[in-house]
Amino acid sequence: MEKIMQGRMDRGYFRYQKEYEEKALEVLRSGWYILGKEVEKFEEEFASYVGTKHSVGVANGLDALWLAFRVLGIGKGDEVIVQGNTYIASVMGITINDATPVFVEPDEYYQIDADKIEEKITDKTKAILVVHLYGHAANMDKICAICKKHNLKLVEDCAQSHGAKYNGKMTGSFGDIGCFSFYPSKNMGAYGDAGAITTDDPELARLVKIYRNYGSEKRYYNMVVGANSRLDELQAGLLRVKLTHMDEITKEREELANYYTAGIDNPKVIKPSVSDNATCVWHQFVLRVPTEGAGENGKEASSERDRLRQYLEDNGIMTLIHYPIPPHMAQAYEYLSVPAGSLPITERFANEVISLPMYTGLTKDEQDRVIACVNSFK
């Protein structure tokens, strides 16, 4: 029996193969491969899609994050509030600028708990980084109100939320800057590394363009110490193709998620749900597998989650854990001295979550196999 992968990108490619290959040949034959018309057009089209005045293409999602804080002037001595259960790149965007992450627990939807933000604000707090994790839009009404009340900058990590909305408004359009990854496995994935920032502020967009190109606005005249973080023409062209299909891609993922939700029926697992006023574009479909009687931080919960994962793998179904080690417990951030047990919900989730197969082109037959296997787990 053929294995069902947790994620795969070939089916999305084959679905629009002719368009991708025609665009690739067009770019290759153009003779212009860096910062040309494809990047310019993609930036215009992506800004329109998100609902911002500006978009700037960069090399990857991590660069979008650290460049966002750089152009906002956030650095050493400054604190940035971020949820504890995010991917470590979110935190790296802060610390690359020598700023300090301050972690907040997630809510039941895996987003930053907006009701717990204000207790973490100090006179050093300069910004909130919202991560729309797994493709679910965070509670932007409350978060925007907190930023306004405390005069804080707002950065959105939209690496997983292309097309997600809160009260009808697209993620990436609420904050001072929205940061996007187009890593191949994303809903709007490129065919290599790629990223972008979105903003309504023309000066922030101009600064990102300077920093991404060696700190230069005019060739060989360097204003700041910048980076080489340019979205290349080929990736921009391929992303322009995918952008025209994003509504279809999003609709398919919603249908896949609804099918999982309707079919999975096992009291040992907790299915994901969507909060009021938010949409989810289902970058991941994440179950939780708690263990009865586990400690407060869920240290014993991993045994049940891992049992399910092994059971699925034994039946040819691959899964992933997003994410097994919270950033505050990573070796890279030992210097922050955030002790284990200080973020019990974050730590419990890390020991309970498991991501089922989810990708463009996942078939109903494959989903039926996954559902039957989850339901038969004892």
Side-chain angles (χ1 to χ4, degrees), residues 1-9 11-12 85 87 106-111 132-138 160-161 163-164 185-187 248-294 298 300-324 345-378:
M1 185 177 293
E2 184 180 0
K3 286 185 177 180
I4 301 174
M5 305 306 295
Q6 195 279 327
R8 57 187 299 177
M9 291 153 273
R11 291 184 185 174
N85 64 321
Y87 181 52
D107 61 21
E108 63 185 292
Y109 306 103
Y110 307 110
Q111 311 310 308
H132 304 288
L133 198 67
Y134 305 146
H136 185 298
Q160 301 182 3
S161 68
S185 64
K186 307 299 186 187
N187 293 28
E248 178 184 346
I249 291 168
T250 299
K251 182 180 179 182
E252 177 184 9
R253 288 197 174 238
E254 290 172 346
E255 291 173 350
L256 293 172
N258 289 339
Y259 197 74
Y260 271 144
T261 300
I264 292 173
D265 184 16
N266 185 329
K268 294 183 74 70
V269 305
I270 298 172
K271 294 183 284 189
S273 58
V274 181
S275 65
D276 293 340
N277 304 318
T279 68
C280 183
V281 293
W282 303 102
H283 173 60
Q284 302 295 342
F285 189 91
V286 178
L287 300 179
R288 282 185 21 236
V289 192
T291 295
E292 188 176 349
E300 301 301 320
S302 60
S303 61
E304 281 299 279
R305 186 270 311 280
D306 293 346
R307 267 203 330 114
L308 172 59
R309 191 178 190 200
Q310 187 61 56
Y311 181 71
L312 290 167
E313 184 174 344
D314 290 344
N315 284 275
I317 299 166
M318 302 297 103
T319 62
L320 284 173
I321 309 300
H322 296 99
Y323 300 96
I345 300 173
T346 291
E347 293 169 29
R348 186 174 74 247
F349 283 3
N351 287 316
E352 294 180 351
V353 294
I354 179 170
S355 299
L356 298 184
M358 174 62 81
Y359 48 84
T360 297
L362 181 66
T363 69
K364 286 294 187 289
D365 285 345
E366 289 169 329
Q367 281 198 287
D368 285 337
R369 277 180 59 192
V370 175
I371 290 167
C373 199
V374 171
N375 289 346
S376 64
F377 175 68
K378 296 178 181 178

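Please read these numbers as outputs of a predicted model, since none were measured by experiment. Numbering of residues begins at 1 and proceeds along the displayed sequence.
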Does the ring of Tyr259 carry Lys364 above it, NZ/CZ under 6.0 angstrom from centre and within 45° of its axis?
yes

Is it the case that over 12 heavy atoms from other parts of the model lie below 6.0 angstrom from the CE atom of Met5?
no

Less than 6.0 angstrom separating the ring centers of His283 and Tyr134, yes or no?
no

Do any N or O atoms from the side chain of Asn85 and from the backbone of Thr346 form a donor-acceptor pair under 3.5 angstrom?
no

Is a donor on one side and an acceptor on the other found under 3.5 Å between the side chain of Arg288 and the backbone of Glu352?
no

Taking only Lys NZ, Arg NE, NH1 and NH2, and the carboxylate oxygens of Asp or Glu, determine whether Glu248 and Lys251 approach each other closer than 4.0 Å.
no

State plainly whether the residues Glu366 and Arg11 are in salt-bridge range, i.e. N to O under 4.0 Å.
yes

In terms of heavy-atom contacts, Leu256 and Gln367 come closest through O-NE2, 2.9 Å

Under 3.5 Å donor-acceptor, Asn315 side chain and Ile317 backbone
no

So does Thr360 get a backbone contact from the side chain of Glu252, meaning a donor-acceptor N/O pair under 3.5 Å?
no

Indicate yes or no for a side-chain donor-acceptor contact from Lys268 to the backbone of Lys378 under 3.5 Å, with no hydrogens or angles considered.
no

Can you name the residues that form a side-chain hydrogen bond (donor to acceptor under 3.5 Å, both in side chains) with Tyr323, not counting sequence neighbours?
Gln160

Is a side-chain N or O of Glu304 found less than 3.5 angstrom from the main chain of Pro290, in a donor-acceptor match?
no

According to the interplanar angle, ranging from 0 to 90°, do the rings of Phe377 and Tyr311 count as parallel (below 30°), tilted (30 to 60°) or perpendicular (above 60°)?
tilted

